[in-house]
Structure formats: structure tokens, C-alpha cells
Novice: 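Before we start, here is the structure in question, set down as C-alpha cells.
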Amino acid sequence: MAGHPQDENQIITERRNKLAAIRKAGIAFPNDFDRTHLAGDLLASFGEMNHDQLEAEQIHVAVGGRMMLKRVMGKASFATLQDMSGRIQIYISNGDSGEEVHDAFKHYDLGDILGAVGVLFKTKTGELSVRASQVRLLTKSLRPLPEKFHGLSDQEQKYRQRYLDLITNEEARRVFMTRTKIIQAIRDFFIRHDYLEVETPMMHSIPGGASAKPFETHHNALDMKMYLRIAPELYLKRLVVGGFEKVFEINRNFRNEGLSTRHNPEFTMLEFYEAYRDYKYLMDFTEKLLREVAQKVLGTTLISYQGKELDLGKPFHRLTMVQAIQKYHPQFSTEQLNDRDFVVAELIDLKAKYKPEDGLGGLQLSLFEELAETQLFEPTFIIDYPVEVSPLARSSDANPEITERFELFVLGRELANGFSELNDAEDQEARFDAQVLAKEAGDEEAMFKDSDYVRALEYGLPPTAGEGIGIDRLIMMLTDSASIRDVILFPQMRPEA
RNA sequence: GGGUCGGUAGCUCAGCCGGUAGAGCAGCGGACUUUUAAUCCGUUGGUCGCGAGUUCGCAUCUCGCCCGACCCA
């Protein structure tokens with residue numbers, strides 16, 4: 001048995017020795033155990049029955065799971081098994097199973113996977129339990145579990161070894177089960193609204209649909225550079241051109257940027273497009289979606305996040321950037337905030353990042369990010385984004401400097417971004433050309449020109465509204481999770497030393 | 001990139017004004033036929049993140065590095 005992992009210790013050695021003895025005695029990893037019941041189902045079905053009722057019924061069950069607790073008392077023992085549904089206690093005694101089975105059980109370790117066959121009964125203290133006539137070791141666990149009471153508390157280990165976090169931490173299991181329910185509820189919502197779920201490429205030869213740095217890779221057979229997608233947007237709109245007038249996709253995007261409590265390099269995005277709608281329709285639709293998902297998954301629209309409350313049932317706020325700044329800084333007049341020199345002076349005063357070449361709209365956006373964004377705890381649509389930062393959005397007929405676009409902020413974070421789509425092929429081509437100039441001038445996040453996308457628009461995209469919603473952030477909100485790493489099963493980490 | 005905090009037994013943690021490393025859980029041995037973080041007795045287990053430095057002597061003090069959490073950019 002040479003060549004074991006680096007971190008062998010006395011406990012692991014002891015368990016390997018036990019496994020060696022088991023191998024000698026027969027099949028060490030049997031797969032013929034026929035589990036008939038789950039712990040949670042038994043509790044739900046029979047938890048209310050009293051001792052005498054259970055004795056009368058004689059309910060035979062075969063349960064399996066990981067042994068989480070173990071109490072040996074000479075000629076009888078209790079163990080707690082954990083399966084996908086919950087925990088159930090089993091009772092093993094010389095009288096019920098024979099001395100040999102019980103003696104073998106005494107050498108099983110916490111973390112071992114066991115199968116037990118027996119009859120349900122209630123203990124003196126009223127806990128539903130299985131009186132085992134048989135107990136078998138199904139899988140020997142070679143590594144000791146985290147401390148049984150405190151569980152795993154090291155954040156790094158929770159992320160790197162999520163399986164351990166899931167074994168020991170019920171809250172972690174709850175979060176990820178809720179994650180799945182949220183995504184199912186979203187999917188249901190769109191399917192009920194006659195949307196078609198589609199999958200578009202994750203590998204792009206021209207990364208598009210967002211302003212972000214892409215990951216690069218290489219296709220050997222074609223000998224060409226490829227990019228992991230930063231957004232599916234341009235492909236989904238091609239599908240609307242093709243006549244799929246309501247489409248959505250829930251899938252991964254990749255952005256080559258820093259890690260933080262709100263950013264993981266790969267993250268899940270919902271994007272959806274609907275023809276013959278505009279951005280105002282989208283705002284109403286988004287409110288409805290979020291309300292329905294919360295109601296369905298949490299049973300309420302009242303959200304408690306990191307000690308603060310908000311109600312998704314109330315109408316969402318709708319403000320322009322200038323109004324949002326004024327909400328938290330009423331000392332600024334509308335005239336001042338529409339005065340380029342004034343805004344620049346404020347940005348310099350705040351030591352904020354901004355691009356000096358930006359027009360008024362871009363500068364207002366910088367000031368908004370500095371002064372208002374993180375304060376927008378209650379759901380708030382910010383509308384009227386400037387054209388210069390919205391190269392794929394339709395400009396407003398009333399004011400060509402702004403677009404029919406909104407971003408939704410909740411908990412001080414961007415959650416969604418939507419707009420009436422730019423369907424004027426010639427305008428789109430001009431906007432791409434402006435982005436290419438910006439890229440050449442050094443803006444790494446400026447967009448690439450996608451000529452095939454322009455060609456698609458030249459065939460005609462109906463008036464369309466489209467939106468993206470950050471699913472991980474939505475899940476953070478609905479599960480009261482402080483970090484994006486708490487809602488991604490295997491978050492990106494530096495390699496282990 | 002900057003700041004704060006942290007890294008000691010498999011896990012949860014103490015020790016840190018320098019003097020050769022501790023507890024609980026887990027493990028091992030023993031007692032115990034209704035326990036439930038079982039209890040009781042005994043006991044094994046450590047490259048104190050890594051590397052330099054200071055010192056007669058460093059888990060402890062200094063510097064650098066690595067990893068992580070949180071905050072800021």
C-alpha cells in the first residue's frame with residue numbers, strides 16, 4: 001500500500017488498517033444493499049406515531065447513509081445516519097442483531113457509509129428510530145470528518161472541499177438546494193410565458209455582448225484564437241432575427257477579471273429577448289419575475305439580507321441617474337449635475353475614476369457609481385443610460401444622447417441590465433466602429449466588431465427588448481449569502497500550495 | 001494593489017510580555033442494553049504556514065514570502 005497521499009496521519013492509518021481487514025474478510029465495497037426508505041420520508045410519514053402504534057404496525061425499512069454520530073453503550077449502541085433527505089437514528093444491540101454484528105459496528109467510524117435493515121420504533125425520549133436486525137458497512141471512510149459539533153469553519157476549506165462543507169453543514173446544503181429551486185422557478189416562469197429555452201455557443205471567435213475582458217483559448221484544428229463568451233447577447237438576438245421571437249438562456253459567462261465577494265470568473269447569467277416589446281415592458285416583467293420567484297421559492301416576497309429587510313412585493317423605484325444622485329445628495333441641483341465642468345470637478349474632488357474624454361452622460365454615470373450605487377438597497381431601476389456606454393441599446397427618440405436602457409440595483413449591487421435593442425443595422429455598425437476606435441486607443445473592455453451580427457441585423461431584427469440578470473447575485477439575495485462563493489458550489493480559488 | 005484579521009494535532013480552538021506544546025472532539029484500550037454533542041477511566045497523536053534574522057534558547061520577537069477571510073481601490 002505504498003504511495004498514499006501526502007497528509008497521512010494516525011487516524012487515516014488506523015482506518016486503512018480496518019479497510020485492509022475488511023478486504024481480507026470479503027467484499028469491501030458491496031453494492032447489493034437495497035435501500036427502501038429515506039430518513040426524511042420516514043420522519044414525515046411515521047414521526048407522529050407513538051411507540052405502541054409503531055409496534056403494532058411493524059414497519060420494515062432498509063436505510064442507508066453516512067454515520068454522523070455514534071454512541072456505544074456496551075451491549076447496545078445508537079448511530080445517526082445522514083442521507084440526502086435528512087437524518088435517522090438506528091439502534092443496534094446484541095439482542096436484535098447478534099453480538100457479531102454489534103461488535104463489528106463498534107469498529108465502524110464516523111463518516112462510514114452504512115446500511116441498516118430493521119423495524120421502526122420510538123425510543124424512550126420519543127425519537128423515531130430503526131431497531132436494526134442487520135447493519136452493514138457499505139463504504140469505508142478513510143478520512144476523519146470535521147469535529148461533529150462545530151463542523152467545518154475554515155472558509156478556505158469549505159470552498160476547496162465543498163463535499164466536506166455539504167456533509168457537515170446543513171446551511172450549505174440548504175443554500176444549494178435553494179439555488180436549484182430558484183433556477184427552476186425562473187425556467188418555469190419563462191416557459192409559462194411561451195419563451196423558448198436555447199443554448200448558444202460558449203466559445204466565440206469574436207467575444208461580444210458586453211464590455212469585459214475575455215478568457216482566451218486556442219482551437220488546434222482550426223489553428224485560431226477563441227474566446228470564452230462574456231455574454232450570449234449577440235447570438236440570442238440572431239435567433240430573434242431567425243424568428244424565435246421569445247428566447248432565453250441560463251448559462252455560464254466568463255470574464256477575465258478579479259475575484260471578490262461579488263465576482264467569480266465564471267458566473268451564471270439569465271438572458272432573455274422578446275420581440276415587439278420595449279424596455280418599459282421589461283421593467284414590469286422583471287418585477288413580476290422576481291416577485292414570483294421569491295414567492296415560489298421562499299413563500300414570501302419579504303427578504304431579509306444581512307440583517308436588513310426589503311419587500312419585493314412593493315413597486316420598484318425608477319430613477320434617472322441624476323435623480324438617484326440627488327436622492328442621496330440633495331445639495332446638488334439638476335442644473336449642476338447637467339453641467340459637465342461641475343461633474344468633473346466633483347469627480348476630481350472625490351478622487352473617483354473617470355474617463356476625461358467621456359461626455360456628460362458617461363461622467364454622470366461615474367458620479368452615480370461613486371455616490372449612489374451602493375446605497376440603492378431597495379430594488380431600483382436606473383434609467384436613461386448614455387449612448388456612449390450602451391453600444392447595443394436603442395437610443396431614445398426624444399434624446400439621441402441617451403438610450404432606452406435600465407439597470408436594476410438591489411442591495412447596492414447591479415442585478416440586471418436591460419434595454420430596447422438597437423435594431424438599426426447602420427447605427428449598430430457605426431457604434432461598433434466607435435468601439436473599435438476606443439479599443440485601439442487602449443480601452444481593453446471596448447467591444448470587438450462583429451460583422452456577422454451586423455449582417456444579421458441587416459436582414460431585420462423586429463423591435464425587441466432584452467435583458468440579462470445575474471443569477472448568482474439573485475441567489476445571494478434570496479439565500480441571505482454574503483459572498484458569491486457561498487452560492488457557487490466550486491468557486492474559483494488559487495491553486496493549493 | 002492597499003489596510004485589518006487569521007494560518008498551532010484529522011477538526012474546533014487555547015498558549016504568544018522568549019525557557020523544549022495544551023484542551024475538547026475524533027482515534028486507540030476499558031466500563032456501560034433507550035442514547036442523542038451520551039457518560040466515565042486510561043491513552044496515542046504536532047515540521048506551531050514557509051524561509052531568513054535576533055537570541056544561550058523562538059509557536060511566541062523582527063523581516064520577507066505563501067495561503068485565506070473581510071474592507072478599500
Side-chain angles (χ1 to χ4, degrees), chain A residues 4-19 21 39 43 51 54-55 66-82 86-99 101-103 105-112 118-132 140-161 164-165 167-170 257-263 306 347 350-354 366 369-370 373-374 412 481-486 491-497:
Chain A
H4 290 311
Q6 56 305 59
D7 56 345
E8 289 287 329
N9 62 45
Q10 183 192 14
I11 293 176
I12 295 176
T13 302
E14 182 71 40
R15 292 188 179 201
R16 284 194 195 281
N17 291 340
K18 288 180 183 176
L19 175 58
L43 264 308
H51 182 270
L54 286 167
E55 288 302 316
R66 189 182 297 276
M67 180 160 67
M68 302 304 291
L69 294 169
K70 178 187 180 190
R71 297 173 286 279
V72 176
M73 302 164 300
K75 296 189 178 61
S77 299
F78 286 95
T80 302
L81 300 189
Q82 176 171 294
R87 292 181 170 196
I88 185 98
Q89 177 169 266
I90 62 175
Y91 174 76
I92 308 102
S93 70
N94 288 0
D96 295 306
S97 64
E99 196 171 338
V101 166
H102 187 225
D103 283 346
F105 168 82
K106 289 178 186 174
H107 294 285
Y108 298 163
D109 293 295
L110 293 185
D112 286 352
V119 176
L120 288 181
F121 77 110
K122 274 260 166 98
T123 63
K124 273 202 265 193
T125 52
E127 178 160 349
L128 185 71
S129 307
V130 178
R131 185 191 306 277
K140 184 70 197 166
S141 169
L142 295 174
R143 289 176 176 271
L145 288 179
E147 206 263 350
K148 65 187 175 189
F149 186 59
H150 297 94
L152 187 60
S153 73
D154 182 316
Q155 278 298 336
E156 180 182 359
Q157 210 177 347
K158 282 160 79 89
Y159 297 148
R160 286 195 195 278
Q161 294 180 267
L164 267 188
D165 188 29
I167 289 170
T168 48
N169 187 350
E170 190 179 356
E257 292 157 8
L259 304 169
S260 81
T261 47
R262 288 184 286 282
H263 296 89
Q306 308 290 300
L347 286 167
L350 291 162
K351 299 191 177 73
K353 265 198 304 192
Y354 71 99
S366 297
E369 287 172 351
E370 193 68 25
E373 178 172 334
T374 57
S481 299
S483 171
I484 197 167
R485 290 186 186 140
D486 294 323
Q492 189 61 48
M493 302 286 281
R494 279 167 209 264
E496 277 188 86

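Proteins come first, then strands; the chains are lettered A, B, ... in the order of their sequence lines, and each starts at number 1. All values below were derived from every heavy atom in this structure, side-chain atoms included, with hydrogens, water molecules and symmetry-related copies excluded.
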Novice: With rounding to the closest Å, how many angstrom separate the P atoms on B:U62 and B:U54?
Specialist: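 It works out to 15 Å between them.
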Novice: Identify, between A:Gly74 and A:Gln10, the residue whose nearest nucleotide on RNA chain B lies closer to the 5' end.
Specialist: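 Per heavy-atom nearest nucleotide, the more 5' residue is A:Gly74.
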Novice: Work out how far the C1' atom of B:C28 is from that of B:C5, and round it to whole angstrom.
Specialist: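 Result for the C1' pair: 38 Å, nearest Å.
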Novice: Both distances below 3.5 Å, Watson-Crick or wobble geometry, any strand: find the nucleotide opposite B:G6.
Specialist: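 Its partner is B:C67 (Watson-Crick or G-U wobble, both distances under 3.5 Å).
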Novice: Check whether any side-chain nitrogen or oxygen of A:Arg71 sits under 4.0 Å from OP1 or OP2 of B:A38, and answer yes or no.
Specialist: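 Yes, A:Arg71 has a side-chain N/O under 4.0 Å of OP1/OP2 on B:A38.
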Novice: Does B:C16 have a Watson-Crick or wobble partner in any strand here, with both distances under 3.5 angstrom, and which is it?
Specialist: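 The answer is none; no pair meets the criterion.
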Novice: Measure all distances between protein nitrogen or oxygen atoms and nitrogen or oxygen atoms of nucleotides 28-30 of chain B, and list the pairs falling under 3.5 Å.
Specialist:
unit_1: B:C28; atom_1: OP1; unit_2: A:Lys18; atom_2: NZ; d: 2.4

Novice: Considering every strand shown, what is the Watson-Crick or G-U wobble mate of B:G1 when both distances are under 3.5 Å?
Specialist: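 When the pairing criteria are applied, B:C72 turns out to be the nucleotide that pairs with B:G1.
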Novice: Please state the C1' separation for the pair B:A37 and B:C11 - nearest whole angstrom.
Specialist: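 Looking at atom C1' only, B:A37 and B:C11 are 14 Å apart.
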Novice: Report, one pair per line, the protein and nucleotides 3-8 of chain B atoms (nitrogen or oxygen only) whose separation is under 3.5 Å.
Specialist:
none

Novice: Can you tell whether the side chains of A:Lys158 and A:Asp486 come within less than 4.0 Å, N to carboxylate O?
Specialist: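 Salt bridge: no.
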Novice: Measure all distances between protein nitrogen or oxygen atoms and nitrogen or oxygen atoms of nucleotides 71-73 of chain B, and list the pairs falling under 3.5 Å.
Specialist:
none

Novice: In Watson-Crick or G-U wobble terms, both distances under 3.5 Å, what is the partner of B:G45?
Specialist: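 Per the H-bond distance test, none.
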Novice: For B:A52, what is the paired nucleotide under Watson-Crick or G-U wobble rules, both distances under 3.5 Å?
Specialist: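 Answer to the pairing question: B:U62, which forms a Watson-Crick or G-U pair with B:A52.
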Novice: In the structure shown, which nucleotide is the Watson-Crick or G-U wobble counterpart of B:C32, with both distances under 3.5 Å?
Specialist: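 Result: none.
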